[in-house]
Amino acid sequence: MKDLKSVCKIAVIQAAPVLFDKAACIDKALKLIDTAAGQGAQLIVLPELFVPGYPYGMTFGFTVGARSEKGRADWVRYYENSILVPGPETAQLAQAAAKLGVYISIGVSERDRLTASLYNTNLIFNPDGALESIHRKLKPTGAERVVWADANRDYFPIADTPWGPMASLICWESYMPLARVALYQKGVTLYLSPNTNDNPEWQNTICHIALEGRCYFINCNMYFTKDIYPKDLNCPQEIAALNQVVCRGGSCVVDPYGHYVTQPLWDQEGIVYAELDMAKVSASRMEFDPCGHYARPDVLHLEVRD
């Protein structure tokens, strides 16, 4: 492992998107990024699908073998507020990264430039303003599959940072054991997890992955209520059925020993700040290096079609 910069100052942003409004989402993201950078953050992480939000609880009129025209109208509205990568919105984020000299990670609904397919995508910008990493979610979870397509490229990109290789797996991608190993094989030290998962058992998952991968696990979730849904959607009964608090959050950072650096943040918007001691990564691998001395490549081998 190459020498790592000793400390990473990180900000994990737990915030509600402005659902179905890409311009307002970008505006809110830029303000939050500016706030975090003002507190000295060098790496700023925002949640899954922050642009234009995670439409939790909506069916878009899909049932087995049928669709509804009202649901189709809501889907088109979401499609039109998804973004091109690269595009005008990514240019704004790139400009902010360069101006502030920070890394920015943010989840977006990406609209394919050639087709009408959408992808659940995570973007990483470096301090030069370059879009260094584009990662499309390999397998949308459950009914997400009727909105977003399986990734067809950009499987396991790595951002080369002063703190070592940084990469993301989105939400339940982290339950794909071989996907995790694909990142471990690349030496990941900062494992970003933009997600919409406030289940209690998820906290057990993230501590396990940090310990298994001997890396920092950055858990970045949203907090939002059903008040963020536009009032003129064509599915008022679906929105009415939601709990007032739709997603409780739980954003936090876990160290390479599986211990909380910051406790989970629940039931509010906020920014979680931490200073990560990068020496812990190499120290934690003294007795267990998952793709190094604690591996058996003569017995077990993962082939990644990257």
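Basis for what follows: all heavy atoms, side chains included, without hydrogens, waters or symmetry-related copies. Bear in mind the structure is a predicted one, so any value in this text is a computation, not a measurement.
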Identify whether the distance between the nearest side-chain nitrogen and carboxylate oxygen of Asp74 and Lys70 falls below 4.0 Å. no
Think Arg111 forms a cation-pi with Tyr79, using NZ or CZ under 6.0 Å from the six-ring centre and within 45 degrees of its axis? yes
Look at Asp112 together with Arg136 and state whether they make a salt bridge at an N to O cut-off of under 4.0 Å. yes
Let me check something: do Ile209 and Met278 share a hydrophobic cluster, defined by ILVMFWY side-chain heavy atoms less than 4.5 Å apart, either directly or through other members? no
Any donor and acceptor pair, going by atom type alone, linking the side chain of Arg214 with main-chain N or O of Val281 inside 3.5 Å? no
Looking at side-chain heavy atoms only, is the closest gap between Gln42 and Trp163 below 4.5 Å? yes
Which value, rounded to the nearest 0.5 Å, describes the distance between Ile106 atom CD1 and Leu30 atom CG? 8.0 Å
Among Ile83, Leu131, Ile26, Val51, whose side chain to side chain contact (heavy atoms under 4.5 Å, CB included) with Leu93 holds? Ile26
Would Val18 end up clustered with Tyr78 when hydrophobic side chains under 4.5 Å apart are linked, directly or stepwise? no
So, Glu173 and Lys137, do they make that salt bridge, N to O below 4.0 Å? no
According to the interplanar angle, ranging from 0 to 90°, do the rings of Tyr56 and Phe224 count as parallel (below 30°), tilted (30 to 60°) or perpendicular (above 60°)? perpendicular
Is it true that Tyr103 and Glu132 share a donor-acceptor pair across their side chains at a distance under 3.5 Å? no
Euclidean distance, Ile13 CD1 relative to Ser251 OG, rounded to 0.5 Å: 10.0 Å
Main chain of Val253, side chain of Thr262: is a donor-acceptor contact present, judged purely on distance under 3.5 Å? yes
Compare all side-chain heavy atoms of Tyr54 with those of Cys247 and state whether any distance is below 4.5 angstrom. no
How about Tyr191 and Ser174: does a side-chain donor come under 3.5 Å of a side-chain acceptor? yes
SB check Arg72 Glu69 (cutoff 4.0 Å): yes
Describe, in one word, how the ring planes of Tyr294 and Phe288 are oriented to each other, choosing from parallel (under 30°), tilted (30 to 60°) and perpendicular (over 60°). tilted
Under 3.5 Å donor-acceptor, Arg180 side chain and Gly213 backbone: no
Under 3.5 Å donor-acceptor, Asp227 side chain and Thr225 backbone: no
Roughly how far, to the nearest 0.5 Å, is the CH2 atom of Trp172 from the CG atom of Asn199? 7.0 Å
Just by distance, do the side chain of Gln185 and the backbone of Cys291 share a donor-acceptor pair under 3.5 Å? no
Measuring from atom OG of Ser193 to atom CG of Asn219, what distance do you get when rounded to the nearest 0.5 angstrom? 5.5 Å
Would you call Lys186 and Pro165 a side-chain contact if the rule is heavy atoms closer than 4.5 Å? no
Could you tell me whether the side chains of Asn221 and Trp202 share a donor-acceptor contact shorter than 3.5 Å? no
Under a 4.5 Å side-chain heavy-atom rule over Ile, Leu, Val, Met, Phe, Trp and Tyr, are Leu192 and Phe125 clustered together? no
Spacing of Asp277 atom CG and Cys8 atom SG [to the nearest 0.5 Å]: 11.0 Å
Any side-chain heavy atom of Tyr223 within less than 4.5 Å of one from Val245? yes
Just how far is it from atom CD of Glu89 to atom CD of Glu110, taken to the nearest 0.5 Å? 12.0 Å
Determine yes or no for a side-chain-to-main-chain donor-acceptor pair under 3.5 angstrom, with Asn81 supplying the side chain and Lys22 the backbone. yes
